[in-house]
There are 2 protein chains.
Amino acid sequence: MKYQKIPEATIRRLSRYSRCLEVMEQAGEEVVSSAQLANRCMVNAAQVRKDLAYFGEFGIRGVGYYVKDLFNDIKKILGSNKEWRMAVIGIGNLGSALLSYKDFLKQNYKIVAAFDIDPPQVIGRVSEKLGKPVEVLHINRLKEVAKERRIEIGLITTPPSEAQAVADLLVEAEVRGILNFAPTQIVVPEGFVAKDVFFTTILDNLAYLLSNN
Amino acid sequence: MKYQKIPEATIRRLSRYSRCLEVMEQAGEEVVSSAQLANRCMVNAAQVRKDLAYFGEFGIRGVGYYVKDLFNDIKKILGSNKEWRMAVIGIGNLGSALLSYKDFLKQNYKIVAAFDIDPPQVIGRVSEKLGKPVEVLHINRLKEVAKERRIEIGLITTPPSEAQAVADLLVEAEVRGILNFAPTQIVVPEGFVAKDVFFTTILDNLAYLLSNN
DNA sequence: CAAATTTTGTGAAAGGAGTCACAAAATTGA
DNA sequence: TCAATTTTGTGACTCCTTTCACAAAATTTG
């Protein structure tokens, strides 16, 4: 396992394999071949093996992969075996949706704080749907609370005009991971990671495919 | 402009260029060079020119691109110049969020219908935030209403267990574009387009980057 | 009006990612 | 125990995407 740059596509696929393996494990399946896994995930069998090869040898020749072990190994690779503590900043519609997104969020991603800027009807409101209730706090408490609750990921759901300012606050609070839902590109310093989720890009993509088929 | 398969990455970047150009146009900028545009979008200048070259010649040598014209041309390419009429199926938290997502949705993507299965507290409820109010209807009216309101894109925000069934309904109703937010892979026949938005994949990606830096 | 400057459009080169094909390793069965 | 079978791990190949580099076209300047 000598070092190589790992393609982002590989990481995305690992996440997919992980989802499949979870289902298989729950279904009581014990062993899976690269061909079977590939089938379920709609990819090439060699692709599955190549992706895994970046990180080591997980299979047994002539047999395949032990579902349970592979599932754990992939989670370890992705870092999704640990619990990630997240904060939502901007409690409008999308922020509220995320706060009660139980069905969509895997158990290891926990929202443990929520912030907004002042609207009195929001501050202090409590979301109880996801395990422990989460109280909405004023944004000026971000730094203090981030430390206290060991927050590692911030979800930005403010209007675009505020997104970069919020990102700066998160950086200051040493929250190293940012997922930005506002339709504006976020910039963060070295050592931090920001991903933009552009809703519009996805729709534009769909529109293009619909227009040209 | 002879035919070539256009990479999906190109389409994603065009959407990005489009967003930048919109801002530039509003700022009153009239001309932009590939280098400037590339800078703003964090890509290579040759990349910008190559991407555009798939579709024709839009620039003037020695000058650059007219912001307004290029913006229009790209919208035409993407099919985002026309109005797209959408329906949300599954009015839980995420569905509700989408219904009032004004800030995040561009003007040409309009939600003109909302469906759910039976919960009486939801059916008949009206979302007014986005221009015209949208009443939540029972899912069994999907086919009829889809035709009536000329719906072209369906947004699936049901629990994962129902997602494929809803997709099948949309196919039956000849809604050709599907954006699926449920964490399960959707399959549609030839001639239809389905995109999955896996929230968890994005978070896994972030977790990986945070764990390995 | 011609030389200098700018910037596009594009062929060629470089770099990555995906697929193929097969040796190596494990198992099964006679 | 050994041949047949299965399936992994991986080098080689192919295909696709990005970057480079430069001729061609337009503008600006003296």
Side-chain angles (χ1 to χ4, degrees), chain A residues 1-17 20-21 24 29-74 77 201 205 208-209, chain B residues 1-17 20-21 24 29-71 73-74 77 201 205 208:
Chain A
M1 183 182 18
K2 56 182 181 292
Y3 181 77
Q4 268 183 283
K5 204 208 159 288
I6 287 123
E8 210 180 288
T10 291
I11 300 302
R12 269 198 303 275
R13 280 190 300 268
L14 285 177
S15 176
R16 222 141 119 213
Y17 304 156
C20 270
L21 288 165
M24 290 179 183
E29 294 172 54
E30 301 208 326
V31 177
V32 67
S33 71
S34 59
Q36 292 170 310
L37 187 55
N39 241 289
R40 293 240 208 170
C41 297
M42 322 261 267
V43 298
N44 180 293
Q47 183 79 77
V48 170
R49 299 198 295 272
K50 255 289 147 77
D51 285 337
L52 294 172
Y54 282 112
F55 301 97
E57 304 197 0
F58 303 98
I60 300 164
R61 297 178 187 215
V63 179
Y65 303 86
Y66 290 111
V67 171
K68 206 178 155 165
D69 293 349
L70 187 59
F71 184 38
N72 281 324
D73 288 332
I74 290 182
I77 292 166
T201 301
N205 215 295
Y208 172 76
L209 292 171
Chain B
M1 184 184 12
K2 58 183 179 291
Y3 181 76
Q4 268 184 283
K5 204 208 158 289
I6 287 123
E8 205 175 292
T10 291
I11 301 302
R12 269 198 303 277
R13 280 190 300 268
L14 285 178
S15 176
R16 221 140 120 216
Y17 305 156
C20 270
L21 288 166
M24 290 179 183
E29 295 172 54
E30 301 208 327
V31 177
V32 66
S33 72
S34 59
Q36 292 171 309
L37 187 55
N39 241 288
R40 292 238 208 171
C41 297
M42 321 262 266
V43 297
N44 180 293
Q47 183 78 79
V48 170
R49 299 198 296 273
K50 258 284 148 76
D51 284 337
L52 294 172
Y54 282 111
F55 302 96
E57 305 196 359
F58 302 98
I60 299 164
R61 299 180 185 212
V63 179
Y65 303 86
Y66 290 111
V67 171
K68 204 176 156 165
D69 293 349
L70 187 59
F71 184 38
D73 288 332
I74 290 182
I77 292 166
T201 300
N205 214 297
Y208 171 78

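Order of the sequence lines sets the chain letters (A, B, ...), proteins ahead of strands, with each chain counted from 1.
When side chains are defined from C-beta on, A:Tyr66 counts as touching A:Ile60, because their heavy atoms get closer than 4.5 Å.
When the side-chain nitrogen and oxygen atoms of B:Arg13 are compared with OP1 and OP2 of D:dT18, one or more of them lie within a distance under 4.0 Å. For C:dT10, the OP1/OP2 oxygens have no side-chain nitrogen or oxygen of B:Tyr54 closer than 4.0 Å. Considering only side-chain N and O atoms, A:Gln47 lies nowhere under 4.0 angstrom from the phosphate OP1 or OP2 of C:dA17. B:Ser34 has a side-chain polar atom (N or O) that falls below the 4.0 Å cut-off from OP1 or OP2 of C:dT8.
A:Met42 has its CE atom 17 Å from the C1' atom of C:dG18, to the nearest Å. To the nearest angstrom, P of C:dT8 lies 15 Å from CG of B:Asp69. Nucleotide D:dC16 holds its C1' atom 14 Å from the CD1 atom of B:Ile6, rounded to whole Å. The separation between B:Leu37 atom CG and C:dT8 atom P is 10 Å, rounded to whole Å. If you measure from atom CD1 of A:Ile60 to atom P of C:dT28, you get 11 Å, rounded to the nearest angstrom. Whole-Å rounding puts the B:Tyr17 OH to C:dT8 C1' distance at 14 Å. With rounding to whole Å, A:Tyr65 atom OH is found 16 Å from C:dA25 atom P. Nucleotide D:dT10 holds its P atom 11 Å from the CZ atom of A:Phe58, rounded to whole Å.
Contact annotation: side chain of A:Lys5 to base of C:dG15, donor-acceptor pair absent below 3.5 Å. Residue-to-nucleotide contacts include a donor-acceptor pair under 3.5 Å from the side chain of B:Lys50 to the base of D:dT19.
Dense packing is recorded around CZ of A:Phe58, with more than 12 heavy atoms of other residues, nucleotides or ligands lying under 6.0 Å away. Counted within 6.0 Å of CD on B:Glu29, heavy atoms from surrounding residues, nucleotides or ligands total more than 12; the atom is thus considered enclosed.
Of the two residues near DNA chain D, A:Gly62 and A:Arg49, the one whose nearest nucleotide lies more 5' is A:Gly62. Ranked by how close their nearest DNA chain C nucleotide is to the 5' end, B:Val63 and A:Asp51 are led by B:Val63. Mapped onto DNA chain C by nearest heavy atom, A:Glu8 and A:Arg61 fall at different nucleotides, with A:Glu8 at the one closer to the 5' end.
Paired with A:Ile74 under the rule side-chain contact (heavy atoms from CB on, under 4.5 Å), one option of A:Leu21, A:Asp51, A:Asp69 passes, and it is A:Leu21. For the side-chain contact (heavy atoms from CB on, under 4.5 Å) criterion with B:Tyr65, the lone passing option out of B:Leu70, B:Val31, B:Asp73 is B:Leu70.
Ranking D:dT17, D:dT7, C:dC22 by closeness to the B:Pro7 side chain, first place goes to D:dT17. Of the candidate nucleotides D:dT7, D:dT18, D:dA21, D:dA21 has the atom lying nearest to any side-chain atom of B:Ala46. Listed candidates were D:dT10, C:dT19, D:dT19. Nearest to the side chain of A:Asn44 is C:dT19.
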